[in-house]
Number of protein chains: 2
Amino acid sequence: MAAMAEKAQYEELARQLSAIGVVKRDMGRTLPSDCPAGSAGVLTLLGRHGDMRMSRLAELLAVDISVTSRHVAHVAERGWIERLPDPADKRSRILSLTPAGRAQLDELYERTTQLLTDRLSDWTGEEVRLLIQLMTRLRESFGDCRASPRAPQAASVAADITRTPA
Amino acid sequence: MAAMAEKAQYEELARQLSAIGVVKRDMGRTLPSDCPAGSAGVLTLLGRHGDMRMSRLAELLAVDISVTSRHVAHVAERGWIERLPDPADKRSRILSLTPAGRAQLDELYERTTQLLTDRLSDWTGEEVRLLIQLMTRLRESFGDCRASPRAPQAASVAADITRTPA
DNA sequence: TATTGTTATACTCTATAACTATA
DNA sequence: TATAGTTATAGAGTATAACAATA
């Protein structure tokens with residue numbers, strides 16, 4: 001009984017996931033031409049979490065380290081980050097934002113805010129918060145448990161909904 | 001004041017959007033090797049909405065018609081759809097699922113359900129429903145208003161939350 | 001002239017595998 | 001031997017532009 005309804009829900013969720021690309025592409029169009037989404041991800045995570053090694057960044061990006069390496073190279077070529085030697089392990093490199101990288105990051109923040117302020121003008125803060133919470137939990141459910149260092153577990157959303165009835 | 005909080009929320013939402021790829025890739029890995037995500041999208045929408053023209057399908061997929069053309073060609077080569085002449089406009093083609101296409105679609109449903117049943121085992125139906133609703137609204141807010149033919153407008157989610165306090 | 005759809009081209013993102021340097 | 005990172009290669013998805021056929 002409930003299984004049938006769940007199956008239909010799952011189909012609908014799969015459809016929504018496959019269609020979310022239209023949102024990502026719209027976001028991508030607002031990026032500077034020399035800073036594609038991959039580069040923006042590197043800058044954002046370094047800005048948020050501070051200096052880190054390649055392998056840690058790959059975890060946060062949730063992509064293979066070879067992909068991370070390419071994004072990092074692109075960002076480093078533009079002088080937005082430095083790759084410092086790791087005194088504890090000569091195989092490793094410590095990634096660190098440069099002042100130019102921080103400036104680029106500010107530019108990205110500016111563009112993101114402008115776009116979302118426009119697109120989500122009729123959303124409440126509560127709705128945005130809830131969507132963020134559910135997307136975070138979705139990623140955790142798919143095994144990406146690395147991106148929420150401060151929030152060990154995005155607890156049951158249902159409980160949160162009842163606790164915060166707008 | 002509130003603007004600062006909103007800006008931080010927007011940054012977080014942008015991060016979640018850029019990181020959702022890990023979920024899509026996991027879904028993609030469950031697909032048959034000769035039926036990539038683009039093909040699955042074509043089959044799914046034809047199954048859901050019935051026969052349609054290329055241009056309509058491109059709208060539903062929310063991609064350029066040139067992209068749609070390639071996905072459709074891939075699916076047609078495998079015998080999953082037919083491209084029938086449109087009696088009303090000889091430039092146009094009517095796309096129609098074949099029995100083999102329906103069988104392939106059933107296979108896709110099966111795999112999707114299995115994956116999501118596993119990954120979302122600790123989600124409530126209400127949480128899934130809410131995520132679907134918010135993602136639908138997000139796409140609408142980004143100008144993709146074409147994919148919800150039966151639900152003219154996904155109304156305020158905040159109102160819905162209070163109306164349905166679990 | 002305008003529109004429907006196809007094809008050619010180019011770009012981004014991704015994973016796998018082979019490789020180098022270090023642990 | 002095992003691990004950190006780089007590079008080469010291949011595959012999927014997308015958009016733009018040029019084109020053919022029809023409206």
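Below, chain A is the first sequence line, B the second, and so on; all start at residue 1. Source: prediction; values computed, not measured.
- Between B:R70 and C:dT9 there is no side-chain N or O to OP1 or OP2 distance below 4.0 Å.
- Taking for each of B:V67 and A:M54 the nucleotide of DNA chain D with the nearest heavy atom, the 5'-most of the two is the partner of A:M54.
- The shortest distance between the side-chain N/O atoms of B:R25 and the OP1/OP2 oxygens of D:dG11 is not below 4.0 Å.
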Where each pair must be Watson-Crick or G-U wobble with both distances under 3.5 Å, what dot-bracket representation of DNA chain C is obtained, with crossing pairs in [ ] and other-strand partners as |? |||.|||||||||||||||||||

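- In this structure, A:L95 places its CG atom 14 Å from P of D:dA4, rounding to the nearest Å.
- The distance between atom CZ of B:R91 and atom P of D:dA23, rounded to the nearest whole Å, is 7 Å.
- Residues A:D89 and B:S66 both approach DNA chain D. Their nearest nucleotides, taken by heavy-atom distance, put A:D89 toward the 5′ side.
- Listed nucleotides: D:dA4, C:dT6, D:dT6. Nearest to the side chain of A:R53: D:dA4.
- Nearest nucleotide to the B:P36 side chain, out of D:dA12, D:dT22, C:dT7: D:dA12.
- If you check the side chains of B:T98 and B:W80, you find no donor sitting under 3.5 Å from an acceptor.
- Distance A:D64 CG to D:dT6 C1': 12 Å, rounded to the nearest Å.
- Of the side-chain N and O atoms in A:H71, one or more sit less than 4.0 angstrom from OP1 or OP2 of C:dT14.
- A donor and an acceptor atom, one from each side chain of A:S39 and A:H74, are located under 3.5 Å apart.
- Looking at A:R137 and A:Q133, their side chains never bring a donor and an acceptor atom within 3.5 Å of each other.
- Within 4.0 Å of B:T68, counting heavy atoms only, lies no atom of the nucleic acid at all.
- In terms of position on DNA chain C, the residue among A:S39 and B:I65 whose nearest nucleotide sits closer to the 5' end is B:I65.
- Residue B:S92 places at least one side-chain N or O under 4.0 Å from the OP1 or OP2 atom of C:dG5.
- At D:dT14, none of the side-chain N or O atoms of A:R29 fall inside 4.0 Å of OP1 or OP2 (strictly under the cut-off).
- Counting heavy-atom neighbours within 6.0 Å of B:R78 CZ, excluding the residue itself, gives a total above 12.
- Side-chain polar atoms of B:S92 and B:R53 form a donor-acceptor pair below 3.5 angstrom.
- B:A37 comes within contact range of the sugar-phosphate backbone alone, with a heavy-atom separation under 4.0 Å but no base atom that close.
- Contacts of B:V63 with the nucleic acid, taken as non-hydrogen atoms under 4.0 Å apart, involve only primed sugar atoms and P, OP1 or OP2.
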